Amino acid sequence: MPELPEVETTRQGLLPHVVGKRIRDVIVRNAALRWPVPADLSRRLRGEQVVAIRRRGKYLLFDCREGHLLVHLGMSGRLTLVPDNLPPRPHDHVDVRFEGSRTLRLTDPRRFGAMLWVRGPAERHALLKGLGLEPLEAGFTGAAMHAKARGRRAPVKHFLMDARVVTGVGNIYASEALHRAGIDPRRSAGRISRARWDRLAASVRSTLERAIAAGGTTLRDFASAEGRPGYFQQEASVYGREGLPCRTCGAAIRALRQGQRSTFYCPSCQR
DNA sequence: CCGGACGCCTGTCGGC
DNA sequence: TGCCGACAGGCGTCCG
């Protein structure tokens with residue numbers, strides 16, 4: 001589920017309530033996530049103060065004095081702030097209890113998410129080391145993408161979703177950005193001109209920014225830290241709109257499968 | 001190195 | 001009504 005805009009929405013919702021706060025306790029109800037939640041997580045976190053919350057791609061980093069709490073939301077993960085006394089429901093796997101009466105609760109039905117403790121520089125952690133460009137930072141340009149795509153025969157949609165190239169773009173926003181840029185998702189990444197990469201990089205950026213402004217996309221279970229859904233799905237141009245008219249040209253939106261994932265596009269606007 | 005498929009896990013939905 | 005397969009926002013790993 002959560003792509004960059006949902007993770008960023010979560011981060012922004014947590015900032016005012018978590019930064020500067022001290023952790024009282026951690027309760028792990030189910031450690032069986034994508035990787036096991038470390039058995040000593042509670043011991044590591046107790047008494048730590050969260051000094052900042054950063055995002056790298058779809059990862060969240062809670063910076064503490066002695067290390068970093070690394071969180072990934074997988075397909076169905078959610079981080080919400082709840083009152084201390086709210087009873088856990090099924091799939092509520094971890095509670096991080098802060099001073100005061102707030103608890104940060106990780107909910108994740110499919111358990112593809114992760115919660116890990118990182119010592120030392122977070123960017124050297126195995127999961128973060130190989131990540132590519134941050135699409136909302138200055139280095140993400142058409143020129144950079146054009147250079148990375150040289151010689152690559154993979155479909156551009158797949159290329160956009162490759163975290164080693166650019167991080168944070170998932171299945172929804174790849175389809176949306178390609179529609180905005182007027183590019184066929186099946187086209188080989190290496191056969192896209194520099195001018196079109198300029199357009200596509202700008203589209204990726206503006207699509208993600210608009211989604212963040214809308215509070216992300218809620219298809220089924222995403223909610224912000226405060227428990228509010230996102231509204232970007234109402235603005236979607238192609239995702240989930242098979243058979244409906246393209247908002248630009250009126251042609252029927254089509255769906256296809258690319259490597260086990262569904263892709264939506266307009267056969268008339270996207271070439 | 002590259003590209004594609006698989007598997008992890010649970011819930012939901014559509015068709016028969 | 002019940003069962004079964006397909007599919008869902010991700011991504012590390014394996015294979016050719």
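Quantities reported herein were computed from a predicted structural model and do not represent experimental measurements. Below, chains carry the letters A, B, ... as their sequence lines are ordered, and counting in each starts from 1.
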Point to revise | DNA chain B-proximal residues of residues 107-125 of chain A, any heavy atom under 4.0 Å | key: A:Pro109, A:Arg110, A:Arg111, A:Phe112

Practice item. Between C:dG5 and B:dG7, how far apart are the P atoms? Round to whole Å, please. Key: 15 Å

Check your understanding: According to a 3.5 Å limit on both distances, what stems of 3 or more consecutive Watson-Crick or G-U pairs are formed with DNA chain C?
Key -> B:2-8 with C:10-16, B:10-16 with C:2-8

When you compare the protein's N or O atoms with those of nucleotides 11-15 of chain C, which come within less than 3.5 Å of each other, and at what distance?
| residue | atom | partner | partner atom | Å |
| --- | --- | --- | --- | --- |
| C:dC11 | OP1 | A:His72 | NE2 | 2.5 |
| C:dC11 | OP2 | A:Lys58 | NZ | 3.0 |
| C:dG12 | OP1 | A:Tyr59 | OH | 3.2 |
| C:dG12 | O4' | A:Arg34 | NH2 | 2.8 |

**Study point:** Residue from A:Thr10, A:Val71, A:Leu60 passing side chain to side chain contact (heavy atoms under 4.5 Å, CB included) with A:Arg55
**Key:** A:Leu60

Study note, to complete from the structure: Connected to A:Leu70, directly or through other members, by ILVMFWY side-chain contacts below 4.5 Å are A:Trp35, A:Tyr59, A:Leu61, A:Leu116, A:Val118, A:Leu127, A:Leu128, A:Leu131

Point to revise | First encountered from the 5' end of DNA chain B, between A:Arg220 and A:Ala32 | key: A:Ala32

Check your understanding: With rounding to whole Å, what would you report as the distance between B:dA5 and C:dA6 at their P atoms?
Key -> 16 Å

Practice item. Would you give the length of the straight line joining atom SG of A:Cys266 to atom CZ of A:Arg241, rounded to the nearest 0.5 angstrom? Key: 10.0 Å

Review point. Of all residues at least two apart in sequence or in a different chain, which pass the ring-ring contact (aromatic ring centres under 6.0 Å, His included) check with A:Phe62?
Key: none

Review point. Expressed in angstrom and rounded to an integer, what is the separation of A:Asp221 atom CG from C:dG9 atom C1'?
Key: 8 Å

Practice item. Considering just the side-chain nitrogens and oxygens of A:Ser76, establish if one lies under 4.0 Å of OP1 or OP2 belonging to B:dG11. Key: no

Protein-nucleic acid N or O pairs under 3.5 Å, nucleotides 1-4 of chain B:
| residue | atom | partner | partner atom | Å |
| --- | --- | --- | --- | --- |
| B:dG3 | OP1 | A:Arg153 | N | 2.7 |
| B:dG3 | OP1 | A:Ala154 | N | 3.0 |
| B:dG3 | OP2 | A:Arg152 | NE | 2.6 |
| B:dG3 | OP2 | A:Arg152 | NH2 | 2.7 |

